[in-house]
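What you see below is based on every heavy atom in this structure, not just the backbone, and it leaves out hydrogens, waters and symmetry mates. Chain letters run A, B, ... following the sequence lines, proteins first and then strands; every chain starts at 1.
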Protein chains: 2
Amino acid sequence: MAKQTITIYDVAREAGVSMATVSRVVNGNPNVKPDTRKKVNEVIERLDYHPNAVARGLASKKSTTIGVILPDITEMFFASLARGIDDIASMYKYNIILENSDEDVDKKVEVLENLLAKQVDGVIYMGNAIDDRLREAFKSARTPVVFAGSVDDKHSMPSVSIDNEAAVYESVRKLVENKNKKIAFISGPLSEPVNGKFRIEGYKRALADAKIDFNDNLVFETSNTYDDGIKLASQIASSDITAAFVANDSLAVGLLNGLQDLDVKVPEEFEIISSNNTSLAKMVRPQISSIGHPMYDTGAVAMRLLTKLMNKEEVEERNITLPYDMVFRQSTK
Amino acid sequence: MAKQTITIYDVAREAGVSMATVSRVVNGNPNVKPDTRKKVNEVIERLDYHPNAVARGLASKKSTTIGVILPDITEMFFASLARGIDDIASMYKYNIILENSDEDVDKKVEVLENLLAKQVDGVIYMGNAIDDRLREAFKSARTPVVFAGSVDDKHSMPSVSIDNEAAVYESVRKLVENKNKKIAFISGPLSEPVNGKFRIEGYKRALADAKIDFNDNLVFETSNTYDDGIKLASQIASSDITAAFVANDSLAVGLLNGLQDLDVKVPEEFEIISSNNTSLAKMVRPQISSIGHPMYDTGAVAMRLLTKLMNKEEVEERNITLPYDMVFRQSTK
DNA sequence: CATTACCATGAATACGTTATCAAATTTTCA
DNA sequence: TGAAAATTTGATAACGTATTCATGGTAATG
């Protein structure tokens, strides 16, 4: 009953060839006579032989596995990216080892070492915070790494993302055009470059273009959660702010619902533009205007870039910027 | 520059011991003198030695990796389960290889074989459809498999889930108590046992208890998407149906928004109870009453069960049913 | 002090492939 | 037809670790 694992050696013996030949057949090496190929394939079929990927990995030094590090798979944004990655990965016969980092530095480094120990052929990193220790770990790894959905602000790593500065600029300009004078900037931690550097720069530039003074009191640093959006609502409602750019959809929905619970009319009395345009944005009422982040494509392109790097192909550009679009819905006039 | 991989052999030589001893130290084998352990550890530290997990896997026949098969990681329900799985997995030092199946039978079988080739120590399967071919593949695998979030209706596989029949019964009973006579049952494919068997049985039982005749025209079979919920709305609105159990949150939100767009008042004119209580349910207005499915816990418990099976520990019960709770919000009176 | 039991260690081998290189076979071409 | 070239094949050595079994050393026992 206990059918023992059948190996390449069993196939070789049964087919009357050497294991080298079996290996060639399995790997599609052209240097094998059609007759023997057929014979070997028959035996493989008959014995139901499946190559052991671990042994193969040891011998070839390739695992056909890549590591994916992300903050939290339950965040729609990262799940969408992950889906794009996985689809392209499986197209190229790679598997994905998923690791949730919770944006915890120690955990990230640990997780990376773990992945490297497993001999992954490449790593895709998602997440906004990146500290020197992690950057160092990435650099000393002999394994290609691609950032997806964010860029290392020092541009030391290959990456795929959108131009967040421009996208936020465009969003805020729209709010300005709609006659708003007091426009809030609401995001997660400003320590993350995407917020504290790129996005806020876009915000400032749009204000400057409109000759509106930047006011620190209009910058709200919170977490990217629905609940924090709700909490923020009363504070916002009791101010004279009339519009906000919100860097995350869940956060924006929280704010939206919170404001409406306080009888603030959106968009008549308050306008909102969020970032990412996850499915959430069109599921709430009023539907939220949002920066259309090509999430799936970002993952897909990142994975494609990674395949090139793993293959040591020449890549023209290591830092890829994907186009975004502005999706205006009912949360703006 | 090109720092070559340093192996257990390098450590052994440098520490003046055999590789067997190094292996013992690395694996925490108690049979090693404290002095030598210390010495070896120092060398490991100094050389920055990291055991090669692939070689280890080949030698020990354990990969400390498990496979996770799910329909689509971008569905909140599965993402939450996956998160629970991952947290427990990393607690037990396992890694997760993620595979999206898209509920495609061929792809599932292929994906499973791929996972087995990679010598995963266990598999967690999520998804509602399961055909004989896949069941056969699971059974012939010498690797433990656990179903999470669904049960094989033949109970041939270990599983962790809630009692969907009871949960739907309770939901529909609530709708009956609220004086609804025409109550719709809306779900994804009835070919999936969770819908076509468990959930609809609960629906029928609740109707029978209330002496309401089961009417096939009140059963709507669709897909679990927001858009299909929207589409369904006009059909529902033009009928005399006054309430619905909806087997999926996205679908329910689509229906809710669709109805409201048609000026149907929820819950005054139409009541909705959905299944799963993902974060979506409380993000829309009115908030949706829902079956509180312990998604994270389901994943966590499934993973814990899997560790026991991989460890060949005795398990008292292979089919675990987790408690759910009913979360009544504003979509019911 | 001699004997036994136990603990710590090392040598050698297995794990199942791929890769290298030489040998054997076939094909080509003058 | 014979030599050279090209193609196909096999023997064998990695790959980096865990594991088994034997052995030497040390402590315990009488």
Sequence neighbours excluded, the answer for ring pair (Phe, Tyr, Trp, His ring centres under 6.0 Å) partners of B/F138 is B/Y125, B/F147
What does the inter-axis angle of the helix from C/dC1-D/dG30 to C/dA30-D/dT1 come out as, five pairs per end, nearest 10 degrees? 30°
Are any non-hydrogen side-chain atoms of A/I124 and A/L306 less than 4.5 angstrom apart? yes
Every protein N/O within reach of nucleotides 7-9 of chain C N/O, cut-off under 3.5 Å:
residue: C/dT9; atom: OP1; partner: B/T36; partner atom: OG1; Å: 3.3
residue: C/dT9; atom: OP2; partner: B/K33; partner atom: N; Å: 2.9
residue: C/dT9; atom: OP2; partner: B/T36; partner atom: OG1; Å: 3.1

A/T65: side chain to side chain donor-acceptor pair (under 3.5 Å) partners, not counting sequence neighbours: B/K118
Have A/T307 and A/R304 got a donor and an acceptor in their side chains that come within less than 3.5 Å? yes
Reading DNA chain D from 5' to 3', where do the contacts with chain B start and stop? Cut-off is 4.0 Å to heavy atoms. D/dG16 to D/dT20
Answer whether the closest heavy-atom distance between the side chains of A/P294 and A/I162 falls below 4.5 Å. yes
What residues, two or more places apart in sequence or in another chain, satisfy side chain to side chain donor-acceptor pair (under 3.5 Å) together with B/T36? none
List the residues meeting side chain to side chain donor-acceptor pair (under 3.5 Å) with B/D131, not counting sequence neighbours, and say none if there are none. none
Residue pairs passing the ring pair (Phe, Tyr, Trp, His ring centres under 6.0 Å) test where at least one lies in residues 36-58 of chain B, sequence neighbours excluded: none
With sequence neighbours left out, what residues match B/Y296 under ring pair (Phe, Tyr, Trp, His ring centres under 6.0 Å)? none
Under the ring pair (Phe, Tyr, Trp, His ring centres under 6.0 Å) test, which residues partner B/F77, sequence neighbours left out? B/H293
Interface polar pairs with nucleotides 14-17 of chain C, N/O, under 3.5 angstrom:
residue: C/dG16; atom: OP1; partner: A/T5; partner atom: OG1; Å: 3.3
residue: C/dG16; atom: OP1; partner: B/K61; partner atom: NZ; Å: 3.1
residue: C/dG16; atom: N2; partner: A/A55; partner atom: O; Å: 3.4
residue: C/dT17; atom: OP1; partner: A/Y49; partner atom: OH; Å: 3.1
residue: C/dT17; atom: OP1; partner: A/N52; partner atom: N; Å: 3.2
residue: C/dT17; atom: OP2; partner: A/I8; partner atom: N; Å: 2.7
residue: C/dT17; atom: O5'; partner: A/Y49; partner atom: OH; Å: 3.1

Side-chain ion pair, B/D10 and B/R13, N-O less than 4.0 Å: yes
Under the rule for side chain to side chain donor-acceptor pair (under 3.5 Å), what residues qualify as partners of A/E75, not counting sequence neighbours? none
